[in-house]
Amino acid sequence: MLTTAFVPGTPNWLDLAAPDVEAAVAFYTSVFDWEFQSAGPEAGGYGFFRRNGEVVAAVGPLGGEGDPRWTVYFHTRDADATRAAVQRAGGTVRAAPMDVFTAGRMAQFTDPAGADFAVWQPRETVGLDVVMEPETLCWTELHTTDAAAVRDFYTSVFSWSYEDMPMGDGLVYSVFSAPGGGTPQDTGQGGMMQLMREHREAGSASEWHPYFATEDCDATFTRATGAGASALMPPTDAPGVGRLAMLRDPAGATFALIKGDPDQS
C-alpha cells in the first residue's frame with residue numbers, strides 16, 4: 001500500500017501536464033473536493049491541488065511535445081545516480097536532473113516500452129502530504145506494450161520485487177514492491193500489466209496512470225463524465241479488489257477511480 005513514509009522506489013509525487021491549466025483546475029475541482037493553490041509567478045503556472053489543506057497532487061502547463069498526462073514520480077536519494085541507472089537499463093532521459101528551487105531535485109525519464117515517469121529527490125518538500133484517503137492517490141499502474149522488458153528495467157533501476165496474479169487469457173497482473181520489508185500484499189505500491197493485442201493494434205501506448213480513492217465510485221464517475229471526461233471503463237466490480245473505473249479527462253489524461261473492497265482493507 002502507499003504511504004507518505006517514502007523510501008527509494010515508492011511513489012512520492014504526482015502531477016498533471018495540462019494544455020490549459022485553468023480548464024484542468026476547473027475539471028478536477030468539480031470532480032473532487034480539491035482546491036488549487038498557485039506555486040507563484042516564478043513557477044511558470046505550476047500549482048498544487050489541496051484537500052483539507054494538504055497537497056494531494058499538482059498541475060502545470062504541458063510543455064513541448066507530448067500528450068496531456070499524469071506523471072508518477074518515484075522517490076530517489078540521488079536523481080543523478082538514478083539517471084545513470086535508467087540509461088544503463090535502456091531507458092531514456094526526457095529531462096535531466098534539475099533543482100526545483102529549494103524544494104528538491106527532479107528528473108524525467110521514459111522506460112524501454114515508452115512509458116514516461118519521473119523521480120523526486122526531496123529537500124524541503126518531501127512529497128505528497130497525504131495518500132490512501134478519499135480523493136487522494138491510492139495506487140499507481142503501468143499499462144505496457146512489453147511487460148517482460150519493463151519488469152527487468154524497473155528492477156534494475158528501483159530494485160522492485162513482484163507478485164504475479166494470473167488474470168486469464170494468458171495475462172498477468174504484477175504487483176510491484178520497493179525494498180523495505182514485508183510482502184507485496186503489505187507493501188505493494190502499484191501494478192503493471194501487458195496491454196492486450198487488440199489494444200496495441202488499436203494504438204494504445206505504454207502509460208503510467210494514478211488511481212484516486214473514492215467513497216462512491218459511481219457518483220464520482222458520474223461527476224467526471226458530466227464535467228467532460230470520457231469513459232475508458234465504466235464502474236466495474238473487481239472481486240477481492242473493489243469497484244473501479246477508468247477515464248480520460250477532457251484534455252486526454254488518463255486516471256482511474258477505486259472504491260476498495262472493505263474485506264481487503
Side-chain angles (χ1 to χ4, degrees), residues 1-4 10-18 20-37 47-59 68-72 127-143 165 167 173 175 184-193 199 207-265:
M1 63 183 291
L2 299 186
T3 172
T4 55
T10 61
N12 65 344
W13 193 254
L14 177 71
D15 65 18
L16 172 68
D20 184 334
V21 171
E22 186 175 343
V25 167
F27 171 77
Y28 284 98
T29 56
S30 72
V31 175
F32 300 120
D33 186 21
W34 290 355
E35 296 179 347
F36 175 73
Q37 179 189 25
F48 310 108
F49 287 120
R50 292 181 179 270
R51 183 178 185 274
N52 297 328
E54 296 182 299
V55 175
V56 298
V59 59
R69 61 188 176 274
W70 282 99
T71 299
V72 179
L128 299 176
D129 289 334
V130 59
V131 295
M132 299 300 295
E133 294 185 5
E135 302 187 334
T136 72
L137 181 68
C138 67
W139 194 248
T140 61
E141 190 169 82
L142 172 63
H143 291 178
M165 301 178 179
M167 297 176 61
Y173 191 88
V175 175
Q185 296 98 315
D186 299 326
T187 61
Q189 291 86 39
M192 63 176 65
M193 62 183 293
H199 293 154
E207 177 185 70
W208 280 98
H209 53 260
Y211 277 72
F212 297 109
T214 176
E215 294 179 310
D216 188 329
C217 185
D218 295 75
T220 306
F221 177 86
T222 297
R223 285 199 301 274
T225 53
S230 56
L232 296 176
M233 182 179 71
T236 303
D237 289 325
V241 176
R243 188 162 176 81
L244 51 90
M246 188 171 294
L247 306 105
R248 283 200 180 102
D249 72 18
T254 302
F255 69 101
L257 308 169
I258 185 166
K259 159 89 173 153
D261 184 341
D263 292 336
Q264 299 300 310
S265 59

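These numbers come from the heavy atoms of this one structure, side chains and all, not from hydrogens, waters or symmetry mates.
- In this structure, Met167 and Met193 approach most closely via the heavy-atom pair CE-CE, 3.7 Å.
- Checked by atom type, the side-chain pair Thr29/Glu35 shows no donor-acceptor distance below 3.5 Å.
- Going from atom CG of Asn52 over to atom OG1 of Thr136 covers 10.5 Å, rounded to the nearest 0.5 Å.
- His209 is listed as a side-chain neighbour of His143, based on a closest heavy-atom distance under 4.5 Å.
- Across every non-hydrogen atom of Ala213 and Glu133, the tightest pair is CB-O, 3.5 Å.
- The two atoms that bring Ala253 and Trp70 nearest to each other are CB-CD1, 4.1 Å, heavy atoms only.
- Ring geometry, Phe49 versus Trp34: the interplanar angle falls from 30° to 60°, so the pair is classed tilted.
- Here Arg51 pairs with Glu135 under the salt bridge (charged side-chain N to carboxylate O under 4.0 Å, His left out) rule; sequence neighbours left out.
- A heavy-atom distance below 4.5 Å is found between the side chains of Glu207 and Thr254.
- Listed by chain and number, the residues in a side-chain hydrogen bond (donor to acceptor under 3.5 Å, both in side chains) with Tyr173 are Trp139, Glu141 (sequence neighbours excluded).
- The two atoms that bring Ala245 and Phe221 nearest to each other are CB-CD1, 3.8 Å, heavy atoms only.
- In terms of heavy-atom proximity, Phe255 sits nearest to Arg248 at CE2-C, 4.5 Å.
- With respect to Pro11, the side-chain contact (heavy atoms from CB on, under 4.5 Å) criterion is satisfied by exactly one of Leu128, Leu2, Thr3, Val131: Leu2.
- A donor-acceptor pair under 3.5 Å links the side-chain atoms of Asp129 to the main chain of Val55, judged by distance alone.
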For residues 227-239, please give each side-chain donor-acceptor pair under 3.5 Å, one per line with the distance, not counting sequence neighbours.
| from | atom 1 | to | atom 2 | distance (Å) |
| --- | --- | --- | --- | --- |
| Thr236 | OG1 | Pro234 | O | 2.7 |
| Asp237 | OD1 | Arg243 | NH1 | 3.1 |
| Asp237 | OD2 | Arg243 | NH1 | 3.4 |

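- You'll find the side chain of Cys217 reaches within 4.5 Å of the side chain of Leu257, heavy atoms only.
- Atom CD of Gln189 sits about 11.0 Å away from atom CG of Asn12, to the nearest 0.5 Å.
- A pairwise comparison of heavy atoms in Trp208 and Gly191 identifies CZ3-O, 4.4 Å as the closest pair.
- Ring geometry, Phe32 versus Tyr28: the interplanar angle falls under 30°, so the pair is classed parallel (tilted spans 30 to 60°).
- Between Phe36 and Val59 there is a side-chain heavy-atom pair separated by less than 4.5 Å.
- Looking at Val72 and Leu142, their side chains never come closer than 4.5 Å, going by heavy atoms from C-beta outward.
- No side-chain heavy atom of Thr71 sits under 4.5 Å from any side-chain heavy atom of Leu14.
- Between the side chain of Ser30 and the backbone N or O of Phe27, at least one donor-acceptor pair lies under 3.5 Å.
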Next item on the list: Any chance you could lay out the side-chain contact (heavy atoms from CB on, under 4.5 Å) test for Val56 and Leu137, step after step, and finish with the verdict?
Entry: CA-CA 7 Å; Val56 298; Leu137 181 68; over 6 Å; no
